[in-house]
Amino acid sequence: MKVTTYPELMEVPAHFGSVPQPEDNTFTLKRWTLGKKLFYDPLFSYDSTKSCASCHHQNFSFSDRVAFSEGVNSQKTTLNVPPLINLAYQPYYTGAGGVPTIEMQILVPIQEHNELNFNMPGIVKRVNQNSEYIQMAMDAYGRKPDAYVVTRALACFERSLLSTQSEYDKYLSNQDESDLSAEALRGMKLFNSQRCGCSECHSGVNLTNYTFQNNGLYSHNPEDGRYRITLKDEDMGKFKVPTLRNVEYTAPYMHDGSIPTLEEVVRMYEKGGFPYPTKSPLILGFQLTDQERNDLISFLKSLSDINFITNPIFKQE
Ligand code: HEC
Ligand code: HEC
């Protein structure tokens, strides 16, 4: 398997290309170590009860297993927690795509009242009360902890959450069909077929073309999606096409966690979803035999990367 090395930390198969990194925040082990410590630190919530990891759990591919997760004061998120995988390759963040960088995305959960309900000055003050953090910030960025350091270090850690070791990756690396089970191979062909049309949107190495689409989940949409950012009627109810990597570990599905299993997701696409003015013309519906449905699901499971969800380097120290 040809690989490129993500500095000092891990090997990334060549089919991913190099990992995009901003010039002012390239990977160093010191930045990453600080970011990882912050990711697991409950000082981020105003009552010191919740960290990033309270909603983004490694064993669920840094997502959560419930439709809506608990923030501070037992308040619930209004959207399903997405997995944090291969974020470095995304052109924008959140389901509505309103945030241009990982560094900037960090402010969203901090300020959301039903997530961490806090603010950056309060966090910076707490970080500066810890001499270990001050030393780590000096070592990593040559300055005391401030908003710059906190957002850069966290983003450096998040950018390293690279899932690249699935069965499907073996197949992509070697271009050898025997790297997939017979079921998954048949499922891949269905996934890429005109009949099913999945790869029209879930394309490329991360199984997404990063566009905003309505996949027919509802005939009446309770959530604005992309409309929230553009205020254009044509964007109502559209969400960023998600990666399908590790989808086996990230149930329940869709922006509101309303579909509990992969089988029900596939059945929704078979039905062609519900009519809605912004629904993609690619969602037309199709028929599958029971075996074909199982094959398609086997392909989705070949995207699972057990190494990623158990990798000790991402675990809390
Ligand atoms: C209370 C639960 C909760 C906490 C705590 C939380 N998040 Fe999230 N996170 C979410 C939800 C819900 C979304 C989806 C938001 C959306 O799509 O608008 C999300 C989205 C994200 C995304 C965007 C992913 C993508 O594919 O676009 C990133 C990155 C992220 N969170 C990182 C963090 C970091 C870093 C922290 C800690 C500072 C954090 N989260 C804390 C619930 C949480
Ligand atoms: C028109 C573009 C488009 C096509 C075609 C498409 N999808 Fe999707 N898919 C999406 C969007 C957008 C979402 C997210 C919707 C949401 O969050 O409400 C999604 C969500 C999913 C999810 C849930 C992921 C998660 O983490 O919640 C799965 C699984 C999935 N699609 C599988 C498929 C399969 C299998 C096919 C082919 C039968 C397919 N998709 C075809 C756009 C598409």
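The structure displayed is predicted, hence computed values, not measured ones. Both backbone and side-chain heavy atoms feed into the values below; hydrogens, waters and symmetry mates do not. Just follow the structure's listing: the first ligand is 1, and inside any ligand the first atom is 1.
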Exercise for review: Any atoms of ligand 1 less than 4.0 Å from a non-hydrogen atom of Lys240? List them with their elements.
Suggested key: 25 (C), 26 (O), 27 (O)
Review point. N/O to N/O below 3.5 Å, does that happen between Leu116 and ligand 1?
Key: no
Study note, to complete from the structure: Candidates Pro242, Ala251, Gly257; heavy atom nearest atom 24 (C) of ligand 2 found on Pro242
Review point. Under 2.8 Å from atom 8 (Fe) of ligand 2, is there an N/O/S atom belonging to His202?
Key: yes
Review point. Numbering the atoms of ligand 2 from 1, which are under 4.0 Å from a heavy atom of Phe239?
Key: 12 (C)
Review point. Can you tell me which residue and heavy atom of the protein come closest to atom 13 (C) of ligand 1, and the distance to 0.1 Å?
Key: Pro82 CD, 3.3 Å
Exercise for review: Tell me, please: is Leu79 in heavy-atom contact with ligand 1, that is, under 4.0 Å?
Suggested key: yes
Review point. Considering only protein heavy atoms, which is closest to atom 37 (C) of ligand 1, and at what distance to one decimal place?
Key: Cys52 SG, 1.8 Å
Point to revise | Interfacing atoms of ligand 2 (cut-off 4.0 Å, heavy-atom, Ser280) | key: 1 (C)
Exercise for review: Taking atom CZ of Arg293 as the centre, report whether more than 12 heavy atoms of other residues, nucleotides or ligands fall under 6.0 Å from it.
Suggested key: yes
Revision key, fill the gap. For Val265, the ligand 2 atoms with a heavy-atom partner under 4.0 Å come out as 28 (C), 29 (C), 30 (C)
Revision key, fill the gap. Short version for Val266: what comes under 4.0 Å of ligand 2, heavy atoms counted, is neither
Exercise for review: Look at the N, O or S atoms of His56, main chain and side chain alike, and state whether any lies under 2.8 Å from atom 8 (Fe) of ligand 1.
Suggested key: yes
Check your understanding: Near Phe286, which atoms of ligand 2 are under 4.0 Å from a heavy atom of that residue?
Key -> 38 (C)
Point to revise | Contacting atoms of ligand 1, where contact means under 4.0 angstrom from a heavy atom of Gln90 | key: 25 (C), 26 (O), 27 (O)
Point to revise | Side-chain H-bond candidate by donor/acceptor type, Ser166 with Asp169, under 3.5 Å | key: yes
Study note, to complete from the structure: shortest atom 30 (C) of ligand 1-to-protein heavy-atom contact is with Gln105 OE1, 3.2 Å
Revision key, fill the gap. The option among Thr250, Leu217, Asn80 carrying the non-hydrogen atom nearest to atom 26 (O) of ligand 2 is Thr250
Check your understanding: Nearest protein heavy-atom contact for atom 23 (C) of ligand 1: which residue, which atom, what distance?
Key -> Thr94 N, 3.9 Å
Exercise for review: Flag the pair Leu300 / Glu248 as yes when at least one side-chain heavy-atom distance between them is below 4.5 Å, and no otherwise.
Suggested key: no
**Study point:** Salt bridge present between Arg226 and Glu234 (N-O < 4.0 angstrom)
**Key:** no
**Study point:** Shortest protein heavy-atom distance from atom 4 (C) of ligand 1, along with the residue and atom involved
**Key:** Cys55 SG, 3.4 Å
Exercise for review: For the residue pair Tyr6 and Phe27, categorise the inter-ring angle as parallel (less than 30°), tilted (30 to 60°) or perpendicular (more than 60°).
Suggested key: tilted
**Study point:** From the candidates Ser61, Gly285, Cys198, the one that places a heavy atom nearest atom 36 (C) of ligand 2
**Key:** Cys198
**Study point:** Nearest-option assignment for atom 31 (N) of ligand 2, heavy atoms, candidates Tyr269, Tyr253, Phe299
**Key:** Tyr269
**Study point:** Per atom 28 (C) of ligand 2, closest listed option by heavy atom (Ile259, Ile297, Val247, Leu244)
**Key:** Leu244
Review point. Can you list the ligand 2 atoms lying under 4.0 Å from a non-hydrogen atom of Cys201?
Key: 1 (C), 2 (C), 3 (C), 4 (C), 5 (C), 43 (C)
Check your understanding: Do ligand 1 and Tyr93 have nitrogen or oxygen atoms that lie under 3.5 Å from each other?
Key -> no
**Study point:** Atom indices of ligand 2 within 4.0 angstrom of Gly197 heavy atoms, with elements
**Key:** 5 (C)
Exercise for review: Please say whether Gln213 places an N or O atom under 3.5 Å from an N or O atom belonging to ligand 2.
Suggested key: no
Check your understanding: Judged by non-hydrogen atoms, does Glu158 sit under 4.0 Å from ligand 1?
Key -> yes
